Amino acid sequence: MDASTGFDARREAFKAGSETAMSVVRDDGAVRVLVDGAVLLSLQFDERRAALVASDRAGDPHRMVRALSAAAEALFAWHPSLDRLFLATGAWPAAESALAREGLAVTIDGAPVLLPELVMQRRDNWLTDAARPAFPLSYAMTDGRRHPRRPSKPAGRVYSRFIPWLSETVSFRVVDVERDLSLVHRWLNDPRVDAFWNEAGDLDKHRDYLSRILADPHMLPLIGCFGDRPFGYFELYWAKENRIAPFYDAADYDRGWHVIVGEDEFRGRDFITAWLPSLMHYMFLDDDRTMRIVGEPAAAHVQQLRNLDRAGFARIKNFDFPHKRATLVMLLRERFFGDRLWQPAAKDATPETQR
């Protein structure tokens with residue numbers, strides 16, 4: 001308990017932000033945003049009116065936006081049926097201007113309103129390098145395919161997000177061959193994984209495999225972690241340059257993915273509803289021009305297709321690769337954010353992990 005605030009930050013604390021982690025805590029209608037235990041912003045939440053009242057100022061307007069964004073993310077997660085937050089900032093026009101300028105709020109009936117689909121597209125809440133601008137459009141040819149030039153690859157962690165129903169953070173970092181080789185080697189040799197990936201082999205084979213993926217401009221290999229525990233391997237790709245491109249009308253910034261969940265303890269619905277939408281969230285945030293995410297799971301992989309159905313992917317068609325019969329699946333950006341697919345459908349109640 002912090003004697004100066006009267007709040008115990010460990011109680012119902014929601015972690016927000018990537019580099020500068022904020023904690024959002026609540027007690028009845030009072031909501032406070034803290035950084036390193038210090039109160040950055042105090043608010044009052046009126047659940048009946050879906051209203052959020054700023055009871056003090058968070059210094060400069062930009063810090064106000066960051067703090068309000070964190071509070072809104074937490075409230076929309078705690079109250080899944082809440083579709084908007086009416087905001088009262090008091091006599092502080094600079095705050096309302098900053099909210100509109102940074103795309104966090106829209107004006108409805110003369111008042112600023114926070115919408116979940118706007119809040120969840122603020123890159124600096126989740127991306128490590130959120131300030132990186134979109135790579136300019138310039139075309140190149142690869143193997144007879146015309147496509148946009150892709151930016152240089154990041155290194156280290158690229159995304160993190162707090163998962164309230166697990167009270168844990170999921171994150172993705174770029175593969176480091178020396179650090180991650182033994183881990184990916186073990187996963188690729190798992191019979192359950194090899195049944196669909198067909199990449200079992202020795203360490204040298206997997207070292208070469210990861211090195212090729214890292215060197216390929218259209219691919220990005222990631223390790224997924226819950227907390228500090230790695231659980232899976234992901235390969236993201238730009239569809240225009242990928243083997244999937246001939247099988248549908250690929251747009252310039254369509255993106256796709258492959259997945260290995262390597263650790264059995266991280267299988268199951270609670271974890272899938274954490275890492276799967278978080279990975280989609282990362283791809284949509286990484287480049288605002290990405291309007292569609294595609295996949296090509298094996299048509300026989302019934303469980304994966306069922307998981308993708310629940311995650312909002314549409315089944316477009318079945319088609320034949322040289323090595324497998326696949327199902328083309330697709331997720332639209334508009335559906336992901338409009339239908340709030342970053343969290344599972346649930347009753348408007350606080351999860352057990354938050355009580």
Side-chain angles (χ1 to χ4, degrees), residues 1-47 51-79 82 85 87-90 92 94-95 98-99 102 104-105 114 116 119-120 122-131 156-173 225-229 274 278 281 285 342-343 349-355:
M1 179 73 73
D2 185 333
S4 64
T5 66
F7 279 78
D8 185 345
R10 296 170 298 179
R11 180 172 177 262
E12 295 195 7
F14 187 102
K15 307 297 182 183
S18 178
E19 289 301 300
T20 304
M22 298 180 179
S23 294
V24 183
V25 297
R26 61 177 179 169
D27 187 3
D28 295 325
V31 177
R32 296 192 183 186
V33 182
L34 302 95
V35 177
D36 295 328
V39 177
L40 179 61
L41 182 66
S42 296
L43 308 123
Q44 288 292 321
F45 173 54
D46 184 333
E47 185 175 353
L52 196 58
V53 181
S55 56
D56 60 9
R57 302 185 180 186
D60 67 87
H62 180 70
R63 285 174 65 83
M64 171 75 160
V65 170
R66 295 270 328 258
L68 275 173
S69 180
E73 182 191 356
L75 286 166
F76 285 130
W78 284 329
H79 300 276
L82 191 67
L85 278 168
L87 181 65
T89 57
W92 195 12
L99 290 171
E102 298 201 24
L104 184 60
L114 304 176
V119 171
M120 294 302 291
R122 279 187 52 81
R123 301 171 82 232
D124 59 356
N125 281 19
W126 301 278
L127 299 192
T128 303
D129 188 16
R157 190 183 67 184
V158 294
Y159 173 98
S160 62
R161 174 182 167 224
F162 180 70
I163 307 299
W165 58 94
L166 296 177
S167 291
E168 184 60 275
T169 296
V170 65
S171 64
F172 304 108
R173 58 174 173 80
C225 299
F226 281 108
D228 59 0
R229 301 180 65 186
S278 295
H281 193 208
L285 294 184
W342 58 84
Q343 62 185 16
T350 304
E352 288 298 325
T353 54
Q354 288 295 309
R355 292 178 181 167

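Numbers here are sequence positions counted from 1. The shown structure was predicted, so the numbers you read here are calculated from the model rather than taken from an experiment.
For Ser23 (side chain) and Ala13 (main-chain N/O), no donor-acceptor pair under 3.5 Å exists by modelled atom type.
When the side-chain hydrogen bond (donor to acceptor under 3.5 Å, both in side chains) test is applied to Ser69, the partners found at least two apart in sequence or on another chain are Arg122, Asn125. Not counting sequence neighbours, Arg123 has no partner by the salt bridge (Lys or Arg N to Asp or Glu O under 4.0 Å) test.
Side-chain contact check for Arg161 and Ser278: at least one donor-acceptor pair (N or O, by modelled atom type) lies under 3.5 Å.
Residues in residues 33-46 take part in these salt bridge (charged side-chain N to carboxylate O under 4.0 Å, His left out) pairs, two or more places apart or across chains: Asp46-Arg49.
Closest approach of Thr128 and Arg157 over heavy atoms only: OG1-O, 3.0 Å. Of all heavy-atom pairs between Trp342 and Trp165, the closest is O-CH2, 4.0 Å. In terms of heavy-atom proximity, Phe226 sits nearest to Leu166 at CE2-CD1, 3.9 Å. Here the closest heavy-atom approach between residue Leu285 and residue Met120 is recorded as CD2-O, 3.7 Å.
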Determine, stepwise, if the pair Leu75 / Val24 fulfils side chain to side chain contact (heavy atoms under 4.5 Å, CB included). CA-CA 9 Å; Leu75 286 166; Val24 183; over 6 Å; no

Derivation and outcome, side chain to side chain contact (heavy atoms under 4.5 Å, CB included), residues Leu41 and Leu43: CA-CA 7 Å; Leu41 182 66; Leu43 308 123; 3.9 Å; yes

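Ring geometry for Phe45 against His79 counts as tilted: the plane angle lies between 30° and 60°, on a 0 to 90° scale.
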